[in-house]
2 protein chains.
Amino acid sequence: MSPRRQHASASTITEVAKLAGVSIATVSRVLSNHPHVSDEVRQKVLDAVRQLGYEPHRVAQRLRARQSRLIGIIATDITNPFLNTVMACVEEVFFARGFTVLMSNTNADRKKELNYLSMMESEAIDGLVITPTSENVDRVAELSEKGLPITVVDRRMTAGRVDVVLSDNVAGARAATEHLLRLGHQRIGHIGGPLHLTSGRERYEGYREAMQASSWPASPDLVHFGDYRRESGYNAATELLQSDTPPTALFVANNLMTLGALNAIHDQGISIPDDIAIVGFDDMPWARSLNPPLTTVAQAVEEIGYRAARLLMARIEQPDLPPRTEVVGTQLMVRASCGAKNPLPSP
Amino acid sequence: MSPRRQHASASTITEVAKLAGVSIATVSRVLSNHPHVSDEVRQKVLDAVRQLGYEPHRVAQRLRARQSRLIGIIATDITNPFLNTVMACVEEVFFARGFTVLMSNTNADRKKELNYLSMMESEAIDGLVITPTSENVDRVAELSEKGLPITVVDRRMTAGRVDVVLSDNVAGARAATEHLLRLGHQRIGHIGGPLHLTSGRERYEGYREAMQASSWPASPDLVHFGDYRRESGYNAATELLQSDTPPTALFVANNLMTLGALNAIHDQGISIPDDIAIVGFDDMPWARSLNPPLTTVAQAVEEIGYRAARLLMARIEQPDLPPRTEVVGTQLMVRASCGAKNPLPSP
DNA sequence: ATGAAAGCGCTAACAA
DNA sequence: TTGTTAGCGCTTTCAT
C-alpha cells in the first residue's frame, strides 16, 4: 500500500472544553444530556461546539462506551430484490429508532462472510441481521452465544441462540406445484436453490411432496439445482428444455433464477404457457409486466423485514429471551405464465 | 433504551502477551508483520494468539492508527438494480484489495444522508463512494476538502474536490428520443427524473434537444417528472395516458420508473408498441423478458462500478490528484417495445 | 530484537 | 454542579 495522508482531523473534546472554559467531563455531560449541568455552562459548551463544528469521535466513544447504536446487516446478495428490500425495511426501522445501520455484501462467499462477521463484531455492533451462507456458520453461532443479538433471515440455522424469520417455504412450493398439477401438468421440472440452504431444501421438499402425492412422482432428471443467481437459472432451464423429454411446466425456486429461466425460454423461441408453464418463487412489483405475466409464490417481503427488525430490537432490549423462529405465510399469485384459464386479477 | 448486557469480551493483546511471555509491543509487532522479530518469539506469539482465539479490537486499532482500510458506500436506493450493481462492483474491487466495505441506504433522504456521512467520517473510513441526494450536499464537499477521498457516482457535484463517474446522459437520452422520432412518432412523452439531480436534468435535456431538432418540439404537457421510484413512474404514465391527447411514445428516465410505467400501461389494457411505444433508461438483464421486450438505453453498469473503485483507489494512494470526471458512453438496446420493425437480436 | 510507556478521544467513577 | 483522573485496547516512538 502506498503512502496515505490523514485527512485533517476535526476538533476534539479538549478544544471544546478549552474554548468553553470548562473541563472535558462537563462537555461530555452536556453532550450526553446529563441532568446535573447548569444552564449557563450548558449554553457555553453548546456554543463552543457549534463554533468549532465539533463532532464526537465515534471510534473513541465506542472504545469506552461499548455500546454503539450500530446495527449490522450481512447479506449474501444485495442485487437480489428480495434481500435488498428486506435490508431496506430493517434499515428503516432501526434508523427511526436512532440506530445507524451498516450493510455488507458477502456475495455468498464464506470467506467474505467471515471477514464481515469479525469486522462487525469488532465494530461493537449492538445487533446483527444476517442471511448466512449456510446453516452452520460456526462464527454466527459463536457470536450469538457470546451474547450478540442476531436475527437470521430467509433460512434456518441449526446452532446458536438466534432468532429466525422466514417464509413457509414447503407450503409455498407445494402450493405452486399443486397448482401446476391441477392444470394438468405431469412432467413438472424444478430449478432448485442450493441444498446447503434450508430454503433450497424446503422449496425442493414442497415440490417433491406435491409430486409424490400426485400420480406422477418427480423423476430426478426433472430437477436441476442452481445457486439462486440468474445465470444458474438460465443454464438449468436451457438444459431442462433441451433434454429428450422436456418438462411441460417449471417451478423455479427464486426470483433471479426465474428471470434467468425466462430468458432461456425466450432464447429458445418456446412459448409460455403453451409449450411450457412456469411458476416462480418470490414476487416482484413488475412480475405482471413480464412476458407473460408471471405466476409466483409471493413472500411477504416487507413483513419479513419488519419482523426481523422487531425480533432483533426485542433481543437487544432483552438479551435473555428464548430464541424464536417466525414463519410467514406465502401467497400464490396466479398470472398468465402458468396457463391458468382465468387468472384472477392480481396486483 | 432499556438495559443491555455486554456480550462477553474477547481476549486482549495483554492476555496474549502474558501467555506468550512477551510485551504487548511485541505482540503488536508480530501481528503487523514487523521485520525485527525473532522467529522463536514470533512463533510463541502466534501460538498464544491461536490458543486464545485472539482477534485485535478494530475500534481500538482505529483509534490509534487512524487508518482503517474501511471504505464507505452511501447510496440513495439499494433496491435500485443499477445502484446495487454498482455497489456490488465497488465492494468486489476493494474487498480484493484487503478493504472492508460498509454500505448504507439513504432512501434519498437528506437527513439520513447527513447522518451516514458523519457516521462514516467518524468511523475514519479511508474513502467514500456516494450517490448524493443532490448536487450541493455541503457536507460532501466539506469532507472532500478536508481530504477524505470521495467518488461521486451517477450524478455530478458542483462543489468539493471529488471524482465523478457517470453516463453520458444527454447523449443517451437524445439517442432514445431520436430513435422514437425516426420511427415516426411525433407526440413523444417523457417521464423524467428529479430535476435537482444532474442525471434527471441531463436526460431531460437530451430528450428536449432531440425534440427541438425535430419538427415537433415537446409540449410541456408531454413531460412529467418522477422521483426515480416505481410508483412515480406508474403515476406519471397513468396521467400521461389519460390526457386528452396522449403520447404515442414514451421515454422514461430510469429503470424503476419504466417498470412502473409498464405496469400502468398494462393496467389500462393499452398495447405496446401498437398503441404506445416505450423506451427506458437503464438496461436490466431481464429486459428482454418483459412484455414486450424492452428497448432501453443501457448504462455500462459494471464499468461504472469498476471505474468508481479505480478512481477512489487512485485518490486514496495519491490524495493530491486533481479531481477527475469520467463520462461513460451508453448503448441503445433496440428491442420490441419501441416498435422498431427489425430489432436486432440483443443480449 | 525487545520492552516501557505515552497517548489516540472519549466516558464515568470519584472527589471536591 | 463541576473537575480530576483512570482507563478502553491498541500502535508506536524511544530506550535498551
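Hydrogens, waters and symmetry mates are skipped; everything else that's a heavy atom, side chains included, is used. Throughout, protein chains are lettered first and strands after them, A, B, ... in sequence-line order, and every chain is numbered starting at 1.
- Using a 4.0 Å heavy-atom criterion, one finds that B:V59 contacts no nucleic acid atom at all.
- Among pairs with a residue in residues 111-120 of chain B, those fulfilling salt bridge (charged side-chain N to carboxylate O under 4.0 Å, His left out) read A:E91-B:K112, at least two apart in sequence or across chains.
- Look at CD1 on A:I13: it is 11 Å from P on C:dA12, rounded to the nearest Å.
- Residue A:I24 contributes atom CD1, which lies 14 Å from atom P of C:dG7 at whole-angstrom precision.
- No side-chain donor-acceptor contact under 3.5 Å links B:N107 to the backbone of B:D109.
- Under 4.0 angstrom from either OP1 or OP2 of D:dG9 there lies no side-chain N or O belonging to B:Q61.
- Residue side chain B:R64 does not reach the base of D:dG9 through any donor-acceptor N/O pair under 3.5 Å, judged by distance alone.
- Between the CZ atom of B:R139 and the OG atom of B:S118 there is a distance of 6.0 Å, given to the nearest 0.5 Å.
- Listed candidates were C:dC10, D:dC10, D:dG3. Nearest to the side chain of A:A60 is C:dC10.
- Of the possible donor and acceptor atoms, one in the side chain of B:R315 sits under 3.5 Å from a partner among the backbone N and O of B:L321.
- Within residues 25-48 of chain B, the residues approaching DNA chain D are B:A25, B:S28, B:R29, by heavy-atom distance under 4.0 Å.
- B:R50 places a side-chain heavy atom less than 4.5 Å from the side chain of B:L46.
- Interatomic distance, A:D77 CG to A:M87 CE, rounded to the nearest 0.5 Å: 9.5 Å.
- Remark: P of D:dC8 and CG of B:L63 are 13 Å apart, rounded to the nearest angstrom.
- At distances below 3.5 Å, not a single donor-acceptor pair connects side-chain atoms of B:H34 with backbone N or O atoms of B:H36.
- Ring geometry for A:F95 versus B:Y116: interplanar angle of 30 to 60°, hence tilted.
- What separates CZ of A:R62 from C1' of D:dC10 is a distance of 15 Å, to the nearest Å.
- Comparing the helix axis at one end of the helix from C:dA1-D:dT16 to C:dA16-D:dT1 with that at the other, each defined from 5 consecutive pairs, gives an inter-axis angle of 40° (nearest 10°).
- Residue A:K18 contributes atom NZ, which lies 20 Å from atom P of D:dT2 at whole-angstrom precision.
- Put simply, the residue from B:R62, B:R69, B:R58 that forms a salt bridge (Lys or Arg N to Asp or Glu O under 4.0 Å) with B:E123 is B:R62.
- Here the C1' atom of nucleotide C:dC10 and the CD atom of A:E55 are 15 Å apart, to the nearest Å.
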